[in-house]
Amino acid sequence: MTRPPEPDLSRAGPVRPAARRRRLRPRHLGAAAIRALCAVNVLLLLWMIATSLRSTEEIFDDPVGLPAHIQWNNYLRAWQTGGFGPALLNSLTVSIGSAAITVAVAAPAAYVLARTERRSGGPLTLLFALGIGVPAQLIIIPVYVAFAKAQSLTHLKLLDSMQGLTAVYVGLAMPFTVFLLTGYFRSLPVEIEEAACLDGAGALRSFLRIVLPMARNGLITAFTMQVLGAWNETMFGLVMLTSDGNRTLPVALLSFIDQQQFQGTDWGGMFAGVVIIMAPVLVLFVVLGQRLIAGMTAGVGK
């Protein structure tokens with residue numbers, strides 16, 4: 001029996017199977033969708049900045065136009081009338097303070113959970129993960145009542161104070177921060193810590209001198225995420241802060257909008273207030289964007 005002649009593939013050219021084309025197409029579509037979404041966000045940001053430099057009459061005549069005459073007074077009016085100056089200082093104090101405390105407390109706890117070999121390590125990590133799903137609206141009344149009782153018993157200023165709001169933000173951020181850092185610590189090589197132990201370094205020294213420098217991107221990510229969360233938080237600030245001098249930026253913006261309802265809506269001033277709140281967040285993303293991505297992606301699947 002003779003074999004059939006084999007087909008000559010030298011003239012057929014490169015073979016591109018349909019399965020390969022199907023695999024590449026979703027990736028290209030996803031990249032195009034991401035670029036389009038980024039372009040829309042950049043256009044919205046530019047429109048918001050341009051609108052903050054226009055008068056109310058110009059905004060009503062042409063909502064998407066450019067400013068004919070730049071109105072820098074919108075920012076001055078929002079800063080003075082809306083009280084954004086003291087509110088900016090309060091937001092910086094609460095955001096940075098709560099982020100520093102959260103990372104300082106969560107880092108040792110996450111390291112222990114990442115390196116422990118006991119059976120309780122997994123359930124404890126799962127417990128912190130479950131804490132992420134608890135809505136803040138469910139605990140706002142119990143937190144307020146607990147702070148009121150603690151203030152009456154200990155005479156500590158917990159309500160209408162920066163330290164009370166900082167404590168709330170630390171408690172809200174602890175589940176996510178511990179869960180994030182646990183995955184990051186698990187991605188770090190254990191061999192370096194073992195070598196340090198052979199050189200005579202204790203557990204505390206190894207953690208401070210070796211683990212924390214290696215986990216710099218994860219710590220910066222956790223710190224930045226907490227700063228952003230506290231910076232944009234409105235509900236607890238609105239409930240727990242009652243005096244004008246203790247307002248944060250989101251609460252000051254809401255109060256400024258309420259004032260405009262009685263005095264005549266100042267759309268240029270309101271957009272200027274939104275830009276004031278948004279500007280520090282944009283600067284933070286520009287400066288720490290790469291570290292945020294590295295911290296969020298490290299430890300995936302660990």
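Counting begins at 1 with the first residue of the sequence.
Note: F207 and Y111 have tilted aromatic rings, judged against thresholds of 30 and 60 degrees for the angle between ring planes.
Under a hydrophobic-cluster definition in which Ile, Leu, Val, Met, Phe, Trp and Tyr are linked whenever side-chain heavy atoms come within less than 4.5 Å, directly or via other members, I132 and Y169 are assigned to different clusters. Following chains of ILVMFWY side-chain contacts shorter than 4.5 Å, one can reach L253 starting from L228, so the two form part of one hydrophobic cluster. In the hydrophobic cluster analysis, where Ile, Leu, Val, Met, Phe, Trp and Tyr join through side-chain heavy atoms closer than 4.5 angstrom, V170 is grouped apart from F236. Tracing side-chain contacts under 4.5 Å through hydrophobic residues (I, L, V, M, F, W, Y), one never reaches F84 starting from L241; they form parts of separate clusters. A continuous path of Ile, Leu, Val, Met, Phe, Trp and Tyr side chains, each step under 4.5 Å between heavy atoms, connects I70 with V275, placing both in one hydrophobic cluster.
N90 places a side-chain N or O within donor-acceptor distance of the main-chain N or O of R247, the cut-off being under 3.5 Å. Panel note: side chain E233, backbone G237; a donor-acceptor pair is recorded below 3.5 Å. One N or O on the side chain of R216 and one on the backbone of P213 form a donor-acceptor pair closer than 3.5 Å. A donor-acceptor pair under 3.5 Å is absent between the side-chain atoms of W267 and the main chain of E58, judged by distance alone. Remark: the backbone N or O of V251 is not paired with any side-chain donor or acceptor of S255 at under 3.5 angstrom. Of the possible donor and acceptor atoms, one in the side chain of Q151 sits under 3.5 Å from a partner among the backbone N and O of L159. Between the S91 side chain and the L249 main chain, a donor and an acceptor come within less than 3.5 Å of each other. Looking only at distances, no side-chain donor or acceptor of W231 sits under 3.5 Å from a matching main-chain atom of L92. Panel note: side chain D160, backbone S243; a donor-acceptor pair is recorded below 3.5 Å. In terms of modelled atom types and a separation under 3.5 Å, the side chain of Q226 and the main chain of V103 share no donor-acceptor contact.
Within the 4.5 Å cutoff, the side chain of T51 has no heavy atoms near those of the V64 side chain. Annotation: side chain of L198 is not in contact with side chain of E194 (no heavy-atom distance under 4.5 Å). Taking 4.5 Å as the limit, every side-chain heavy atom of F223 sits out of range of all side-chain heavy atoms of T177. Within the 4.5 Å cutoff, no side-chain heavy atoms of W72 are placed close to those of N74. Looking at heavy atoms from C-beta onward, V190 lies in side-chain contact with R115 at the 4.5 angstrom threshold. Side-chain contact between Q137 and M235 is present, with heavy atoms from C-beta onward closer than 4.5 Å. The closest side-chain heavy-atom distance from L88 to W79 is below 4.5 Å. A 4.5 Å side-chain heavy-atom check between T221 and Y184 finds every atom pair outside the cut-off.
Here T102 contributes atom OG1 and F176 contributes atom CZ; the two are 11.5 Å apart, rounded to the nearest 0.5 Å. Rounding to the nearest 0.5 Å gives a distance of 11.0 Å between OG1 of T93 and CD of Q163. Note that CE of M270 and CD1 of I257 are 6.0 Å apart. Values are rounded to the nearest 0.5 Å. With rounding to the nearest 0.5 Å, the separation of CE in M162 from OG in S98 is 11.0 Å. Taking CZ from F147 and NZ from K157, the interatomic distance works out to 13.0 Å, rounded to the nearest 0.5 Å. Rounding to the nearest 0.5 Å gives a distance of 8.5 Å between CD1 of I140 and CE of M240.
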Determine whether T248 and T234 satisfy the following criterion, side chain to side chain contact (heavy atoms under 4.5 Å, CB included), listing intermediate values before the conclusion. CA-CA 8 Å; T248 57; T234 305; over 6 Å; no
Please walk me through it: do L53 and F271 pass side chain to side chain contact (heavy atoms under 4.5 Å, CB included)? CA-CA 8 Å; L53 298 173; F271 275 95; over 6 Å; no
Which is it for Q71 and H69 under the side chain to side chain contact (heavy atoms under 4.5 Å, CB included) test, yes or no, and what are the steps along the way? CA-CA 6 Å; Q71 303 291 331; H69 302 283; 4.0 Å; yes
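Within a 6.0 Å radius of CD1 in I141, no more than 12 heavy atoms belonging to other residues, nucleotides or ligands are found. The number of heavy-atom neighbours closer than 6.0 Å to CZ of F179, taken from other residues, nucleotides and ligands shown, is 12 or below.
A78 and A272 make their closest contact through CB-CB, 4.4 Å (heavy atoms, listed as atom of the first residue, atom of the second, distance). Closest of all the heavy-atom pairs between P67 and R54 is CB-CG, 3.5 Å. G268 approaches I59 most closely through the heavy-atom pair N-CD1, 3.8 Å. The heavy-atom pair separating P135 from G133 by the smallest distance is CD-O, 3.3 Å. Residues A114 and R186 approach most closely at CB-CG, 3.6 Å, considering heavy atoms. The two residues P175 and G171 come nearest to each other via the heavy atoms CD-O, 3.5 Å.
Here the options are V42, L43, I49, the test is side chain to side chain contact (heavy atoms under 4.5 Å, CB included), and the partner is L45; only I49 passes.
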